[in-house]
Asks: 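Just passing along the structure, written as structure tokens.
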Number of protein chains: 2
Amino acid sequence: MSGRGSPPRTRAGRARQPRFVRQLPQQRRQALIDATIESLKRYGHDGLSIRTISAQAGVSVGLINHHFPNKNQLIAAAYRHFNSELVGGLQAAVARAADSPWARMRAFLEASFCPPNLDQDALAVWVVFWGLYRHSRLIQRVQRDTYRGYVRLLRGMLAELLAQARPPHRRPRRGARAARPDLRLAAIGLTALLDGLWLEWCLQPSAFRPAEAVALCEAWVEALCRG
Amino acid sequence: MSGRGSPPRTRAGRARQPRFVRQLPQQRRQALIDATIESLKRYGHDGLSIRTISAQAGVSVGLINHHFPNKNQLIAAAYRHFNSELVGGLQAAVARAADSPWARMRAFLEASFCPPNLDQDALAVWVVFWGLYRHSRLIQRVQRDTYRGYVRLLRGMLAELLAQARPPHRRPRRGARAARPDLRLAAIGLTALLDGLWLEWCLQPSAFRPAEAVALCEAWVEALCRG
DNA sequence: CGTGCTGTTGTACGATCGTTCAACAACGTA
DNA sequence: TACGTTGTTGAACGATCGTACAACAGCACG
């Protein structure tokens, strides 16, 4: 507001400050992506506006179309970043955990129900992206690319747990053939429970504590392992 | 397209058809609400436009502001209708079921995973409404009003089931005091599982069959009753 | 057939949208 | 210091948004 309007000092002035600073395209692109997500957090769907985003980034309206071919490409890039931040954070939490299937699952669940994932603002962002899903091929492609990593992570942990819980001699003779449907449904159910609890908490954080959500998920996984 | 452009016949013409038909405000209001939901199903967030909605309803742009003070009021009315259709449908399914806690729960679950509730288009509508939630007091009020009925329905069924599963002599001496947390968490978990499965199916209907979703929910409830 | 009410139409208005583009200016380089 | 590259600005464009409002017309009624 104030610094923006002040003209550069005269030639004689020593502290003449530039009206803007040039940045490398890569850095500016990332700044615009961050501004997009922040704008969505603050204003919901109204944050999906070139003028709102550029104001959030502190740049002019024309700059976005210099670094991105159009608005949809910027949004898709922001969605990709948002997704990979989530999946990457969960993967890191799992990798940081002790070398035991249960420890990994616990780390995964606790990371799922902690900031920055468990955030009311984040829900606003997700909802906007979901709303674009059906009519934007770009968003569909990003979703397909990033969801794969999430499913793989979760299925891997579940497979470890189930394999440990059921000793080999109790499994069907032909190996994992018949166990697959269990793993598939188990992953579907756990994902649903996770997403549903996350959604509920974001809509009404006073309804339950994050630790209770983790406990509910653990109970589900335990029940799975018992049979 | 064609019928609209044809001018009324001359005075001598017998079949002179009116350019529009007047309707009672109540009927027209409902027609506009239906058109709003249909518009959201077809076009997502872009369907939230006076011109798109009025085109869907087959009326002119000015009519909406004759029956509703502004766009937000129409949207809130549509959200209220959409919510009460869902809750009313579930309540009716439960009331239609046999007079047994388990039968009621089964009816509830099966109705949850059947059309018109289990509909990809419906997800698009929900997502748009959720996106408005944080910045619209009208939407918040509607949500609060209608969600109450849903929670009451689900908690009631769970309470019946748990009371039947645990005979009175096994409950804590002071009565339901200590059993309440279980009921609360049970309702939270079941709601999350329901919502999550519903969300997953809508995003990718090929992932699992509705009957599998019902089975997963039943397994959850059974596990609750066993301990 | 003529009259009154009111549901309905469609144009108009100002605001804001995404995008374009000519001009500007920061900064590495000579 | 002067120049050239190019990241950046901001006005301008046409399209579309929500809303207002005067004119129109369906239909009940005399």
Side-chain angles (χ1 to χ4, degrees), chain A residues 3-11 13 15-32 35-36 39 43-76 78 132 135-136 138, chain B residues 3-12 15-32 35-36 39 43-76 78 128 132 136 138:
Chain A
R4 214 28 154 36
S6 65
R9 306 275 179 83
T10 62
R11 232 168 246 269
R16 178 176 182 275
Q17 63 177 5
R19 298 209 291 170
F20 59 87
V21 281
R22 293 168 79 116
Q23 291 193 1
L24 295 177
Q26 188 181 354
Q27 295 175 18
R28 186 63 85 184
R29 276 179 59 95
Q30 187 57 50
L32 289 172
T36 301
S39 179
Y43 309 107
H45 195 279
D46 293 341
L48 274 185
S49 150
I50 293 293
R51 284 169 176 82
T52 308
I53 295 171
S54 56
Q56 175 67 39
V59 300
S60 70
V61 285
L63 192 57
I64 288 180
N65 283 294
H66 179 74
H67 291 284
F68 294 89
N70 52 49
K71 189 180 115 174
N72 291 332
Q73 297 277 352
L74 167 61
I75 295 170
L132 302 175
H135 297 92
S136 166
L138 281 172
Chain B
R4 213 31 154 34
S6 64
R9 308 276 179 82
T10 62
R11 231 169 246 267
R16 178 177 181 274
Q17 64 176 1
R19 299 210 292 172
F20 59 87
V21 281
R22 294 168 80 115
Q23 291 194 1
L24 294 177
Q26 188 181 353
Q27 296 176 12
R28 187 64 84 185
R29 275 179 60 95
Q30 187 56 49
L32 289 173
T36 300
S39 179
Y43 309 106
H45 195 278
D46 293 340
L48 275 186
S49 151
I50 293 293
R51 284 169 175 82
T52 308
I53 295 171
S54 55
Q56 175 67 40
V59 299
S60 70
V61 283
L63 190 59
I64 287 180
N65 282 294
H66 179 75
H67 291 282
F68 295 89
N70 53 47
K71 189 180 114 173
N72 291 332
Q73 297 277 353
L74 167 61
I75 295 169
V128 172
L132 303 174
S136 167
L138 281 172

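Here the structure is a predicted model, which means the values were calculated and not measured. Here is how names work: the chains are called A, B, and so on, in the same order as the sequence lines, proteins then strands, and each is numbered from 1. All values below were derived from every heavy atom in this structure, side-chain atoms included, with hydrogens, water molecules and symmetry-related copies excluded.
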Asks: Which of these nucleotides, C/dT8, C/dA26, C/dT9, is closest to any side-chain atom of B/V59?
Replies: C/dT9
Asks: Between the main-chain N or O of B/G47 and the side-chain N or O of B/T52, is there a donor-acceptor pair closer than 3.5 Å?
Replies: no
Asks: Given C/dT8, D/dG18, D/dT8, which nucleotide is nearest the side-chain atoms of A/H66?
Replies: D/dT8
Asks: OP1 or OP2 of C/dT9 sitting under 4.0 Å from any side-chain N/O of B/R19?
Replies: no
Asks: Can you work out whether B/D46 or A/R22 has the more 5'-proximal nearest nucleotide on DNA chain D?
Replies: A/R22
Asks: Tell me, do A/R28 and A/L63 make a side-chain contact under 4.5 Å, heavy atoms counted?
Replies: yes
Asks: Could you tell me the separation between the CG atom of A/L48 and the P atom of C/dT19, rounded to a whole number of Å?
Replies: 12 Å
Asks: Atom CZ of B/F20 to atom C1' of C/dT6: distance rounded to whole Å?
Replies: 10 Å
Asks: Under 4.5 Å between any side-chain heavy atoms of B/L32 and B/V59, yes or no?
Replies: yes
Asks: Rounded to the nearest Å, what distance is computed from the CD atom of residue B/Q26 to the C1' atom of nucleotide C/dG7?
Replies: 15 Å
Asks: Measure from the side-chain N and O atoms of B/N70 to the backbone N and O of B/Q73, and report whether any donor-acceptor pair falls under 3.5 Å.
Replies: yes
Asks: Specify the separation, in whole Å, of atom CD of B/Q27 and atom P of C/dG7.
Replies: 12 Å
Asks: Base, sugar-phosphate alone, or nothing: which one does B/R51 contact when heavy atoms must sit under 4.0 Å apart?
Replies: base
Asks: Would you tell me if any nitrogen or oxygen in the side chain of A/H67 comes within less than 4.0 Å of OP1 or OP2 on D/dT8?
Replies: yes
Asks: Identify whether any heavy atom of A/L74 sits under 4.0 Å from a base atom; if not, whether one sits that close to sugar-phosphate; answer base, sugar-phosphate or nothing.
Replies: nothing
Asks: Quickly work out the A/L63 CG to C/dA26 C1' distance and round it to whole Å.
Replies: 14 Å
Asks: Provide, to the nearest angstrom, the distance between the CD atom belonging to A/Q17 and the P atom belonging to C/dA25.
Replies: 15 Å
Asks: Nearest-nucleotide wise, let me know which of B/V61 and B/P25 is further upstream toward the 5' end of DNA chain C.
Replies: B/P25
Asks: A/I64 or B/S49: which one's nearest nucleotide on DNA chain D is closer to the 5' end?
Replies: A/I64
Asks: Could you state the atom-to-atom distance from CZ of A/F68 to P of C/dT19 in whole Å?
Replies: 13 Å
Asks: Check the distance between C/dT16's P and A/I50's CD1 and give it to me in whole angstrom.
Replies: 16 Å
Asks: Categorize A/V21 for me: base, sugar-phosphate, or nothing, with a 4.0 angstrom heavy-atom threshold over every strand shown.
Replies: sugar-phosphate
Asks: Identify the heavy atoms of B/L48 and B/K71 that sit nearest to each other, and give their distance.
Replies: O-NZ, 3.0 Å
